[in-house]
Colleague: 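Structure incoming, see below.
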Amino acid sequence: MVVNTYIDLFIYLKQSGLVTINTEPKLLAAMTFNYHTIEKGLSMQEIRYGFGQLKVSTLLGRIKTFLKSGYNIHASQFIAACSVLAKYYELHHEKNHDISFFFSPKEYDLVHRFSDPNIGGCIEFDSKSYFSKHKDDYGDFSKSRHSIRDFIQQPVELEKIKNAVNLAKHCPSACNRQAAKVYLVENKPKIEKILSVQKGIDATAELVHQLLVITSNRNCFLTSGERNQHFVDGGIFLQSLLMSLHYQKIGACPLHWSLNVWQDNIIRNLIKFSTGEKVIALVAIGNVKKQFKVPASHRKELDEIFSVIQ
């Protein structure tokens, strides 16, 4: 176990972007992280013009590095990054809001050259059309789900939440050990404290009145080879839960809990779950507004994620 853990540490330090962002996959991942944050700002009901200056500057720098390095300009996430920045600039230009001190016309010309008007930005929905495919065939149903961050104050009925969890439990788990568990938090001060630590939904945190905390119990795993299995099983359960919430017409936004042990202790003290349980993720849930916007969140092309091995 010790040897495997040290090898995990060495590989992560070398291969992740923790120390250096020095490869094409790392740079694409970093750009995706940046542009999606900007997309979330564009999807706000009331946009704060000039938002995200540091994030825009960082993304522009990474795009220039990508081009200078001679990486693949046809990569879907590079095009998406340029497209989101182009939409950001065009929105501010349309509103006569000066952003030239951190996003110049010359830089706009650069990103616009690689952008696609059909990619990036946000999508507008009304509550009826958003859930219109919740009982359609799986292809249409699965593509209709988006992460929603705008909720009305009226809470979701407890029975609907229970129905979603009851449906989600049918997902597969290693040897059917079913390590996942769900905690519903409705205490507003606790929700605010948890979200202030997670920081992924700061702009609309005040709209969250119900929060699901997903855990996976390490007591269910038995060998050194299974040291990361609680994340795998927890992730499978999380995806099943998100689709089940959508089926029940409940708006939802998954929020990662990839935080350090000190931050982990904060939620542990608030909820008091067992020492074997590890928080996998949070899910902000609620009834959706009549009109709302979501980030477009462009997906990679099939040939970027699928290979046939002969």
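Along the sequence shown, residues carry numbers from 1.
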Colleague: Can you list every pair that meets side-chain hydrogen bond (donor to acceptor under 3.5 Å, both in side chains) and has a residue in residues 102-113, with sequence neighbours left out?
Modeller: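 Checked against side-chain hydrogen bond (donor to acceptor under 3.5 Å, both in side chains) - neighbours excluded - the pairs reaching residues 102-113 are Lys64-Glu107, Glu90-Tyr108, Ser104-Glu107.
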Colleague: Less than 4.5 Å apart, side chain to side chain, heavy atoms only: is that true for Leu211 and Val283?
Modeller: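 A side-chain contact under 4.5 Å is absent here.
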Colleague: Is Phe273 close to Val279 at the side-chain level, that is, under 4.5 Å between some pair of heavy atoms?
Modeller: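 The answer is yes; the side chains approach within 4.5 Å.
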Colleague: Just jot down the ring pair (Phe, Tyr, Trp, His ring centres under 6.0 Å) partners of His92, sequence neighbours excluded, or say none.
Modeller: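 Residues passing ring pair (Phe, Tyr, Trp, His ring centres under 6.0 Å) with His92: Tyr49, Tyr88, His97.
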Colleague: Side-chain donor-acceptor contacts of residues 10-19 below 3.5 Å, not counting sequence neighbours, with atom names and distances?
Modeller:
residue: Ser16; atom: OG; partner: Tyr12; partner atom: O; Å: 2.7
residue: Ser16; atom: OG; partner: Leu18; partner atom: N; Å: 3.2

Colleague: Could you tell me whether Arg218 and Glu226 have a side-chain N and a carboxylate O separated by less than 4.0 Å?
Modeller: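 No.
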Colleague: What I'd like to find out is whether the side chain of Lys300 reaches to under 4.5 Å of the side chain of Gln77, using heavy atoms alone.
Modeller: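 Yes, close enough: below the 4.5 Å cut-off.
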Colleague: Which donor-acceptor pairs under 3.5 Å do side chains of residues 65-73 form with protein atoms, sequence neighbours excluded?
Modeller:
residue: Thr65; atom: OG1; partner: Gly61; partner atom: O; Å: 3.0
residue: Ser69; atom: OG; partner: Thr65; partner atom: O; Å: 2.8
residue: Asn72; atom: OD1; partner: His74; partner atom: N; Å: 2.9

Colleague: For the residue pair Tyr130 and His146, establish whether any side-chain heavy-atom pair is separated by less than 4.5 Å.
Modeller: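 Of all side-chain heavy-atom pairs linking His146 with Tyr130, at least one is under 4.5 Å.
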Colleague: Run through the side-chain heavy atoms of Ile, Leu, Val, Met, Phe, Trp and Tyr, join any pair under 4.5 Å, and report what else lands in Val261's cluster.
Modeller: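 Trp262, listed by chain and number.
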Colleague: Name all residues meeting the salt bridge (Lys or Arg N to Asp or Glu O under 4.0 Å) criterion together with Glu124; count only those two or more places apart in sequence or in a different chain, and write none if there are none.
Modeller: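 Checked Glu124 against salt bridge (Lys or Arg N to Asp or Glu O under 4.0 Å); zero matches.
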Colleague: Can the ring centres of Tyr35 and His298 be said to be less than 6.0 Å apart?
Modeller: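 When the ring centroids of Tyr35 and His298 are compared, they turn out to be at least 6.0 Å apart.
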Colleague: With salt bridge (charged side-chain N to carboxylate O under 4.0 Å, His left out) as the rule and sequence neighbours excluded, what pairs involving residues 248-265 come up?
Modeller: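 As it turns out, the salt bridge (charged side-chain N to carboxylate O under 4.0 Å, His left out) pairs with a partner in residues 248-265, which skip direct neighbours, are Asp264-Arg268, Asp264-Lys278.
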Colleague: Less than 4.5 Å apart, side chain to side chain, heavy atoms only: is that true for Lys181 and Phe237?
Modeller: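 No - every pair of side-chain heavy atoms lies 4.5 Å or more apart.
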Colleague: Do you see a donor-acceptor pair shorter than 3.5 Å between the side chains of Gln263 and Asn265?
Modeller: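 No pair is found: no donor N or O on one side chain lies under 3.5 Å from an acceptor on the other.
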Colleague: Using the salt bridge (Lys or Arg N to Asp or Glu O under 4.0 Å) criterion, which residues pair with Arg62? Sequence neighbours excluded.
Modeller: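 Not a single residue meets the salt bridge (Lys or Arg N to Asp or Glu O under 4.0 Å) criterion with Arg62.
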Colleague: Kindly write out the residues that satisfy salt bridge (Lys or Arg N to Asp or Glu O under 4.0 Å) with Arg227, not counting sequence neighbours, or none if the list is empty.
Modeller: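 By the salt bridge (Lys or Arg N to Asp or Glu O under 4.0 Å) rule, Arg227 matches Asp8.
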Colleague: Going by side-chain heavy atoms closer than 4.5 Å, which hydrophobic residues are tied to Ile280, directly or by a chain of links?
Modeller: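 Same cluster as Ile280: Phe231.
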Colleague: How would you list, by chain and number, every residue that makes a salt bridge (Lys or Arg N to Asp or Glu O under 4.0 Å) with Lys289, sequence neighbours excluded?
Modeller: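 Lys289 satisfies salt bridge (Lys or Arg N to Asp or Glu O under 4.0 Å) with no other residue.
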Colleague: Would you give me the side-chain donor-acceptor pairs under 3.5 Å for residues 155-165, sequence neighbours excluded?
Modeller:
residue: Lys160; atom: NZ; partner: Gln248; partner atom: O; Å: 3.1
residue: Asn163; atom: ND2; partner: Glu159; partner atom: O; Å: 3.3

Colleague: Using the side chain to side chain donor-acceptor pair (under 3.5 Å) rule, take Tyr183 and Glu277 through it: C-alpha gap first, then chi angles, then the decisive distance, then the call.
Modeller: CA-CA 12 Å; Tyr183 295 86; Glu277 291 177 81; 2.9 Å; yes
Colleague: Sort out for me which residue in Ile267, Val185, Ile214 forms a side chain to side chain contact (heavy atoms under 4.5 Å, CB included) with Leu282.
Modeller: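 Passing option: Ile267.
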